[in-house]
*Asks:* 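Below: one structure in structure tokens.
Worth knowing before you read on, the calculation uses all heavy atoms, side chains too, and leaves out hydrogens, waters and symmetry mates. Letters A, B, ... mirror the listed sequences (proteins, then strands); counts begin at 1. Just so it is clear, the structure is predicted and the values come from calculations on it, not from any experiment.
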Amino acid sequence: MRVTQGCFSFLPDLTDADIRTQVQYCIDKGWAVNIEFTDDPHPRNTYWEMWSLPAFDVKDAAPIMLELDACRKVHGGRKYIRLSGFDSTHGWESVRISFLVGRPQEEPGFILTRNEGGGQAIQYTLQARPLPGASA
Amino acid sequence: MAEPLTPVPAPGETAIDLHKELAETQVAEVLDELDRELVGLAPVKTRIREIAALLVVDRVRRRMGLTAETPTLHMSFTGNPGTGKTTVALRMAEILYKLGYIRRGHLVSVTRDDLVGQYIGHTAPKTKEVLKKAMGGVLFIDEAYYLYRPENERDYGQEAIEILLQVMENQRDDLVVIFAGYADRMDKFFRANPGFRSRIAHHIDFPDYTDAELMAIGEMMLKSLSYHFDAGGAAAFRDYIAARRKQPHFANARSIRNALDRMRMRQANRHFAHPGLVTLDDLTTITAEDVRASRVFNQDATKPD
Amino acid sequence: MNVLDKKSPPGGKRSRYAAGVMEYREMGYWQPDYEPKDTDILAVFRVTPQDGVDPIEAAAAVAGESSTATWTVVWTDRLTACEKYRAKCYRVDPVPNAPGSYFAFIAYDLDLFEPGSIANLSASIIGNVFGFKPLKALRLEDMRFPVAYVKTFQGPATGIVVERERLDKFGRPLLGATVKPKLGLSGRNYGRVVYEALKGGLDFTKDDENINSQPFMHWRDRFLYCMEAVAKAEAATGETKGTYLNVTAATMEDMYERADFAKQLGSVIVMIDLVVGYTAIQSMAKWARRNDVILHLHRAGHSTYTRQKAHGVSFRVIAKWMRLAGVDHIHAGTVVGKLEGDPNNVRGYYDICREDFNPVALEHGIFFDQHWASLNKLMPVASGGIHAGQMHQLIDLLGEDCVLQFGGGTIGHPMGIAAGATANRVALEAMIFARNAGRDLRAEGQQILEDAAKHCLPLRQALETWKDVTFNYTSTDTPDFVPTATPGF
Ligand SMILES: Nc1ncnc2c1ncn2[C@@H]1O[C@H](COP(=O)(O)OP(=O)(O)O)[C@@H](O)[C@H]1O
Ligand SMILES: [Mg+2]
């Protein structure tokens with residue numbers, strides 16, 4: 001399966017030149033760009049691991065591309081990697097864009113568990129299958 | 001999907017009008033501004049025009065497919081304090097941006113303290129943080145030789161130097177580094193760290209200003225603040241320049257700026273000391289009294305004021 | 001009796017509280033020198049007096065009838081601080097290019113209103129006055145609420161920011177579709193549509209306004225099958241998905257029961273119709289905040305009073321009331337779709353929903369500065385007759401903080417619902433990517449769509465199927481002031 005979280009998962013995987021355009025867009029908006037990775041793509045897993053601190057005060061996409069390269073050297077092809085742009089403007093103070101820039105070579109997907117209680121109602125539990133090769 | 005840095009050759013393009021090329025980049029405007037707004041510095045201005053010409057031609061050559069390499073653009077600006085190195089570096093950033101050699105055109109100015117950490121493991125992230133901020137623009141390292149302290153074997157400056165060298169080589173598309181400082185110390189620094197020497201394409205030397213130039217600079221600074229000297233004030237300031245130059249810690253145009261700040265303060269206090277109304281003329285004029293009260297004129301002065 | 005035709009009695013002014021009838025303008029409802037206070041509630045009405053009725057007197061009558069006046073002088077006024085309670089019409093302007101109609105600006109003292117109650121507000125402002133005989137027609141165009149009053153309302157239960165955080169979806173419009181056919185699907189068949197659409201790439205599916213609990217599908221069946229579909233689609237995509245379960249019902253007790261069941265099944269969102277009434281809407285907004293559920297509002301019925309320019313209530317007023325009342329989503333027009341919506345007016349509605357401050361913008365129909373005092377932002381929903389081929393226009397006009405609902409444009413796809421959903425999602429992502437990369441959507445939109453379609457067969461098919469579908473009819477409700485800049489967000 002293909003996890004379709006983020007802004008651009010329905011497009012062909014982004015090239016570095018593609019990613020650069022989006023990073024520069026964030027910088028030009030005054031947003032801090034953040035690189036995160038995880039081996040648990042559950043949609044409610046909010047806190048992915050941060051690769052480094054969010055990049056405040058940069059003017060150009062180059063330093064983020066360098067960090068992304070460094071992150072990929074460690075996690076590329078094994079974990080999910082995403083970029084996000086954080087807007088500290090009053091009234092937002094939140095993520096304004098987020099998109100995947102790395103996936104495990106094989107995406108094992110999720111297990112959906114149905115817990116039947118009384119009656120017809122079902123409690124659903126979603127769980128990500130462990131990624132191959134990722135340490136637990 | 002990113003824009004190529006240089007335009008694609010127009011089909012059938014054989015002869016090129018370099019002047020038109022220059023006009024399109026609007027670099028000429030920056031060069032003219034440099035001429036107008038900076039007093040003196042003739043050799044520096046000539047060098048900058050030469051570098052700009054080289055870069056325009058290089059741009060055309062890349063477009064014509066004659067070369068593909070990003071040229072090395074790192075520079076060293078040597079000269080005494082207050083000779084205009086920082087000011088020119090700002091203009092250089094603008095020129096490089098207009099010619100498409102850097103993507104953003106900003107300048108990040110740092111000294112050793114911004115790059116080197118206090119404890120183990122502190123320097124690399126600190127240096128990298130600065131480099132990240134400068135990417136897309138120019139990193140200006142003032143008094144770069146303080147990075148190198150051979151007397152201390154464990155000095156963290158060495159770590160910063162290594163990261164700098166690496167980025168200067170590998171990220172030539174991403175930033176231009178300008179080193180600035182005294183000529184002699186810079187020379188020693190480069191001799192001890194040959195890695196820098198080979199990565200620096202342009203050396204520009206900033207001469208000290210003559211007394212007449214400093215006078216012109218002073219008048220220009222006053223004008224931009226809506227002040228002027230009266231005849232006595234101008235004569236006194238000429239004397240001031242001659243005297244100040246002989247004293248310690250003389251810093252060319254910077255000493256002029258500082259002196260003018262203090263003279264404006266004395267002018268204000270003079271007005272308060274004399275009861276009565278002030279005119280527009282009073283408010284804009286610096287007189288001999290404001291200048292000559294300086295300790296520079298005091299024979300016994302050991303410190304400049 | 002025709003009060004407004006009466007001229008002042010001969011022999012000069014008579015005493016204010018003498019028994020009998022008297023012109024409204026004489027009774028203090030017309031005060032051209034009045035300077036509205038920061039704490040006043042302001043309203044602007046479009047007044048069309050009957051032939052022969054003086055516009056100032058008509059405007060004063062609107063002020064009177066929407067505040068303290070009745071048709072005759074009452075001595076009991078003298079038991080009150082009646083100067084304060086009287087609404088004051090302080091300005092009357094002719095409507096540009098519309099002989100016979102006037103904009104009447106009226107100020108209401110804050111003490112005339114109960115805190116935090118849309119029912120009280122609307123009963124005051126639009127309670128009786130719209131049937132007043134001396135007027136041919138009357139329309140409430142816009143209102144300004146003082147910050148002190150705004151602060152008495154909860155505002156959107158969730159708001160755009162937290163909705164996005166909860167859904168983990170940022171930087172692009174959300175995509176939805178209304179399940180079709182509107183009526184007749186069984187719960188089991190209905191859930192199939194939901195599953196296909198969500199799996200194919202939509203974020204939301206939606207019940208239609210009149211899907212409640214009918215013989216062909218009782219509400220519990222719908223909820224059960226829909227949530228099976230949602231859970232399965234989440235597992236297939238790794239994304240949070242939602243379906244707006246319509247909890248509109250006959251009584252508040254029924255609505256709470258349905259909403260509680262939706263929450264118990266894990267739904268992130270429920271939905272109500274505007275026809276449930278302002279009080280029920282506010283109750284549900286409080287429920288939604290208490291229960292961490294997003295509240296979608298379908299503006300069912302609004303066109304009966306918002307569409308005609310001469311009479312009724314402008315949708316911008318309804319949008320303001322709903323932001324105060326506390327819903328999280330509101331249908332606010334598409335510009336390019338099948339339903340009424342002038343581009344400039346729609347721009348005004350979107351600004352009301354999403355901005356923290358609305359400056360006067362007559363060309364967008366906004367008559368007053370409005371501070372929203374950090375009330376949450378309300379997500380506008382564009383729905384009705386839109387399709388993937390208009391994606392560039394939609395994003396250019398509406399921006400990214402909205403929900404785009406492609407009902408027919410998803411379910412009517414020749415290759416099926418999931419393909420329709422995929423087509424919309426690909427078009428959307430390609431357009432956002434291109435916009436961020438600095439491309440000009442108006443000039444290059446078509447090209448961007450075609451390029452995206454090269455790697456997406458369903459999008460190719462969608463573009464082919466709907467390439468000529470547009471709804472270019474003149475709007476009945478347009479701003480009265482010429483735009484100073486080109487429309488667009
Ligand atoms: N040629 C010049 N004309 C006018 N002002 C000058 C000139 N050179 C330097 N200045 C002014 O003198 C001050 C110090 O210059 P700066 O560029 O910081 O010198 P440096 O970097 O060599 O120490 C600045 O305020 C600058 O504007
Ligand atoms: Mg300097």
Side-chain angles (χ1 to χ4, degrees), chain A residues 1-12 14 17-26 28-29 31 40-46 80 82 84-87 89-100 107 109-114 117 119-129, chain C residues 159-162 164-172 199-201 220-221 223-225 227-228 230-232 234-241 261 264-266 354-357 372 374 376-377 400-401 422-430 432-439 452 454-456 459:
Chain A
M1 64 88 68
R2 181 177 170 90
V3 167
T4 51
Q5 293 171 11
C7 240
F8 305 124
S9 284
F10 274 73
L11 303 181
L14 303 185
D18 290 341
I19 294 170
R20 210 176 250 273
T21 64
Q22 302 299 308
V23 170
Q24 193 62 48
Y25 171 78
C26 294
D28 292 345
K29 289 261 179 194
W31 302 342
D40 177 10
H42 190 286
R44 308 261 321 249
N45 174 21
T46 304
Y80 290 93
R82 75 182 173 196
S84 56
F86 186 94
D87 179 4
T89 312
H90 170 73
W92 288 103
E93 292 149 308
S94 181
V95 176
R96 293 300 291 277
I97 189 174
S98 151
F99 54 98
L100 293 180
E107 295 186 72
F110 298 85
I111 303 165
L112 181 66
T113 310
R114 293 177 179 78
Q120 289 300 304
I122 290 174
Q123 291 300 315
Y124 298 95
T125 306
L126 189 66
Q127 200 186 353
R129 289 202 171 90
Chain C
I160 292 180
V161 174
V162 175
R164 286 191 173 284
E165 288 178 346
R166 246 185 233 166
L167 300 174
D168 188 36
K169 293 173 195 285
F170 307 96
R172 61 168 175 84
K199 180 186 66 174
R220 290 183 71 96
D221 297 333
F223 285 20
L224 289 166
Y225 283 111
M227 290 316 297
E228 168 69 19
V230 166
K232 218 171 137 59
E234 287 185 341
T237 61
E239 289 184 80
T240 301
K241 301 283 185 180
F261 191 53
Q264 184 201 325
L265 294 174
R354 298 188 298 202
E355 301 298 323
D356 195 42
F357 172 69
W372 286 103
S374 299
N376 281 344
K377 303 176 207 299
E400 67 187 34
D401 287 303
T422 304
N424 287 319
R425 179 80 176 263
V426 170
L428 175 77
E429 294 192 357
I432 290 290
F433 181 91
R435 181 200 66 178
N436 297 358
R439 296 185 63 187
K454 283 185 193 135
H455 65 77
C456 177
L459 179 55

*Asks:* Should the heavy atoms of other residues, nucleotides or ligands under 6.0 Å from OH of C:Tyr225 be counted, would the total exceed 12?
*Replies:* no
*Asks:* Any non-hydrogen side-chain atom of A:Met1 less than 4.5 Å from a side-chain atom of A:Phe110?
*Replies:* yes
*Asks:* Identify which part of A:Leu11 has an atom lying under 4.5 Å from any heavy atom of chain C, answering side chain, backbone, both or neither.
*Replies:* both
*Asks:* With a 4.5 angstrom heavy-atom cut-off, which part of C:Glu228 approaches chain A: side chain, backbone, both or neither?
*Replies:* both
*Asks:* Let's go through C:Thr422 and C:Arg425 carefully: what are the C-alpha distance in whole Å and the side-chain angles of both, what is the deciding distance for side chain to side chain contact (heavy atoms under 4.5 Å, CB included) to 0.1 Å, and is it a yes or a no?
*Replies:* CA-CA 5 Å; C:Thr422 304; C:Arg425 179 80 176 263; 5.7 Å; no
*Asks:* Count the heavy-atom pairs under 4.5 Å between each of A:Trp92, A:Tyr124, A:Phe10 and chain C, then report the option with the highest count.
*Replies:* A:Phe10
*Asks:* Quick one: does A:Gln5's side chain have a donor or acceptor within less than 3.5 Å of a partner on C:Asp168's backbone?
*Replies:* no
*Asks:* With only heavy atoms counted, which part of A:Pro41 is less than 4.5 Å from chain C, the side chain, the backbone, both or neither?
*Replies:* backbone
*Asks:* Under 4.5 Å from any heavy atom of chain A, what part of C:Ala236 do you find: side chain, backbone, both or neither?
*Replies:* backbone
*Asks:* Highest number of heavy-atom pairs under 4.5 Å with chain C: which of A:Ala128, A:Ser9, A:Ser98, A:Pro12?
*Replies:* A:Pro12
*Asks:* Kindly indicate whether the side chain of C:Asn436, heavy atoms from C-beta on, has any atom under 4.5 Å from the side chain of A:Phe8.
*Replies:* yes
*Asks:* Look at A:Asp28, A:Val3, A:Thr4 and state which one has the largest set of heavy-atom pairs under 4.5 Å with chain C.
*Replies:* A:Thr4
*Asks:* So which part of A:Leu14 gets closer than 4.5 Å to some heavy atom of chain C, the side chain, the backbone, both or neither?
*Replies:* side chain
*Asks:* Is there a side chain to side chain contact (heavy atoms under 4.5 Å, CB included) between C:Phe261 and C:Leu224 once you walk through the steps?
*Replies:* CA-CA 9 Å; C:Phe261 191 53; C:Leu224 289 166; 3.8 Å; yes
*Asks:* Between C:Glu165 and chain A, with a heavy-atom cut-off of 4.5 Å, which part of the residue counts as in contact: side chain, backbone, both or neither?
*Replies:* side chain
*Asks:* Against chain A, work out which of C:Gly171, C:Ala452, C:Gly159 has the most heavy-atom pairs shorter than 4.5 Å and name it.
*Replies:* C:Gly171
*Asks:* Could you tell me which portion of C:Ile160 (side chain, backbone, both or neither) has an atom closer than 4.5 angstrom to a non-hydrogen atom of chain A?
*Replies:* side chain
*Asks:* Checking A:Arg82 against chain C: side chain, backbone, both or neither under 4.5 Å from a heavy atom?
*Replies:* side chain
*Asks:* Determine the option with the most heavy-atom pairs under 4.5 angstrom with chain A, choosing from C:Asp401, C:Leu265, C:Asp356, C:Leu167.
*Replies:* C:Asp401
*Asks:* Hey, which of A:Arg114, A:Gln127, A:Gln120, A:His90 has the most heavy atom pairs under 4.5 Å with chain C?
*Replies:* A:Arg114
*Asks:* Just give me the residue among C:Arg166, C:Arg172, C:Arg220 that pairs up with chain A most often, heavy atom to heavy atom, under 4.5 Å.
*Replies:* C:Arg172
*Asks:* Give a yes or no on this: more than 12 heavy atoms of other residues, nucleotides or ligands lie within 6.0 Å of atom NZ of C:Lys232.
*Replies:* no
*Asks:* With heavy-atom distances below 4.5 Å as the criterion, would you say the side chains of C:Val426 and C:His455 are in contact?
*Replies:* yes
*Asks:* Heavy-atom pairs under 4.5 Å with chain C - which of A:Glu93, A:Gln22, A:Arg96, A:Gln24 has more of them than the others?
*Replies:* A:Gln22
*Asks:* Under 4.5 Å heavy-atom distance to chain A, tell me which part of C:Asn376 shows up: side chain, backbone, both or neither.
*Replies:* neither
*Asks:* Does C:Glu355, at its CD atom, have more than 12 non-hydrogen atoms belonging to other residues, nucleotides or ligands within less than 6.0 Å?
*Replies:* yes
*Asks:* Non-hydrogen atoms of chain C under 4.5 Å away: do they reach the side chain of A:Arg2, the backbone, both or neither?
*Replies:* backbone
